[in-house]
Amino acid sequence: MHLKKCTAILIALVMSLGLAAASEAADMQKKTTLDVRQRSIVTIAAFTASGEIERLKPELAEGLDSGLTVNEVKEVLVQMYAYAGFPRSLGGIWAFMDVMEQRRAQGIEDEVGREASPIPEDLDRDTYGARVRADLAGLDEVPENPAPYQEFSPIIDEFLKEHLFADIFARDILTHQERELATIAALANMTGVNGPLTFHFSAAMNTGLTEGQLHDFITVLADQVDEERAENAGEVLTKVLADRQ
């Protein structure tokens with residue numbers, strides 16, 4: 001397949017995955033709470049990012065019981081390396097292996113779920129990743145002028161576009177909304193990352209999560225993860241919502 005045609009097809013896929021909720025905007029705005037699957041994504045991502053393995057394990061089991069497939073849980077754990085590092089991600093994967101072994105011993109057969117669709121080898125990852133990032137930022141066009149950090153360190157911009165927003169976000173096991181939910185959960189349970197958390201709260205809303213659902217996200221953090229981290233995340237969210245008005 002011709003490179004430009006291939007890239008165009010994948011960009012169309014980006015928009016359908018990342019902004020699918022836009023076609024259901026009226027219904028989405030009525031949602032004020034996260035569902036059980038979404039709540040499990042929050043706790044799994046949060047405890048993977050913080051490395052709290054003993055708190056993570058029951059949440060992994062709860063995620064499977066709430067309807068997440070094995071491959072969806074794996075995908076959340078894999079994505080965490082982009083935000084919390086390989087040690088945390090691998091720790092979560094080892095924990096999940098233990099949980100799966102225990103469940104098999106109990107005779108529980110969990111749904112494996114589908115694999116990610118193949119990504120064309122000749123995909124223009126720079127163009128694809130730039131488009132995904134623009135969509136998450138709520139921009140109609142990809143900015144022509146680079147941000148200061150992109151000029152200072154072009155390689156980190158390359159990694160962000162071609163790896164995080166292309167290699168990872170092109171994997172369609174999770175929607176962009178689910179990936180953003182996992183991302184804000186991870187960042188909210190870490191320290192010193194309020195800048196990225198600010199961007200990703202807004203990105204989460206650009207993928208269709210409502211203000212009410214994000215307030216519920218804070219409630220889940222406070223009730224099931226950490227009250228202090230939830231308080232900080234709530235303050236960041238308040239500023240994001242004010243800026244979007």
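These values consider heavy atoms only, across backbone and side chains, with no hydrogens, waters or symmetry-generated copies. Sequential numbering from 1 along the given sequence is applied to the chain's residues.
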Donor on one side chain, acceptor on other, D226 and N189, under 3.5 Å:
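Not at all, the side chains of D226 and N189 share no donor-acceptor pair under 3.5 Å.
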
Does a donor on one side chain and an acceptor on the other come within less than 3.5 Å for Q38 and T33?
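Note: Q38 and T33 side chains miss the donor-acceptor criterion.
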
Do [X] and [Y] come close enough that some side-chain heavy atom pair is under 4.5 Å?
X    : Y    : result
K31  : Q213 : yes
I41  : L68  : yes
R171 : R179 : yes
R37  : E178 : yes
V70  : F96  : yes
D126 : E158 : no
T183 : Q79  : yes
V240 : L214 : no

Who are the side chain to side chain donor-acceptor pair (under 3.5 Å) partners of E180, not counting sequence neighbours?
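Counting only residues at least two positions away or on another chain, E180 forms a side chain to side chain donor-acceptor pair (under 3.5 Å) with H200.
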
Once salt bridge (charged side-chain N to carboxylate O under 4.0 Å, His left out) is applied, do any residues pair with D223, and if so which ones, sequence neighbours excluded?
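Partners of D223 by the salt bridge (charged side-chain N to carboxylate O under 4.0 Å, His left out) criterion come out as none, since no residue qualifies.
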
Is there a path of hydrophobic side-chain contacts, each under 4.5 Å between heavy atoms of I, L, V, M, F, W or Y residues, that connects [X] with [Y]?
X    : Y    : answer
Y128 : L160 : yes
V132 : Y149 : yes
I173 : V42  : no
V142 : I156 : no
M97  : V76  : yes

Within this structure, what is the [atom1]-[atom2] distance for the pair [X] and [Y], rounded to the nearest 0.5 Å?
X    : Y    : atom1 : atom2 : value
I53  : T48  : CD1   : OG1   : 6.5 Å
F199 : L187 : CZ    : CG    : 11.0 Å
Y83  : I184 : OH    : CD1   : 11.0 Å
H215 : T238 : NE2   : OG1   : 6.5 Å
R103 : E109 : CZ    : CD    : 11.5 Å
I155 : E162 : CD1   : CD    : 8.0 Å

Between T207 (side chain only) and H176 (backbone N and O only), is there a donor and an acceptor less than 3.5 Å apart?
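A pair under 3.5 Å: no.
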
Looking only at atom types and distance, does a side-chain atom of R55 sit under 3.5 Å from a main-chain N or O of T43, one as donor and one as acceptor?
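Not a single qualifying donor-acceptor pair exists.
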
I need the minimum non-hydrogen distance between [X] and [Y], along with the two atoms involved.
X    : Y    : value
I168 : A82  : CD1-CB, 4.0 Å
D216 : L34  : OD2-N, 2.8 Å
G63  : I44  : CA-CD1, 4.4 Å
M80  : A182 : CE-O, 3.8 Å
D172 : R114 : O-NH2, 2.5 Å
L221 : A188 : CD1-CB, 3.6 Å

Walk me through it: do R131 and D135 pass the test salt bridge (charged side-chain N to carboxylate O under 4.0 Å, His left out)?
CA-CA 6 Å; R131 182 65 260 173; D135 287 342; 2.8 Å; yes

Salt bridge (charged side-chain N to carboxylate O under 4.0 Å, His left out), that's the test. Do R133 and D157 meet it? Break it down for me.
CA-CA 11 Å; R133 183 167 59 186; D157 186 49; 2.8 Å; yes

Could you walk me through whether F165 and L136 pass the side-chain contact (heavy atoms from CB on, under 4.5 Å) test, one step at a time?
CA-CA 10 Å; F165 293 123; L136 294 176; 3.5 Å; yes

side-chain contact (heavy atoms from CB on, under 4.5 Å) assessment of R244 paired with E211
CA-CA 11 Å; R244 288 175 65 92; E211 180 176 335; over 6 Å; no

Stepwise side-chain contact (heavy atoms from CB on, under 4.5 Å) check, L164 with F159:
CA-CA 7 Å; L164 174 56; F159 289 161; over 6 Å; no

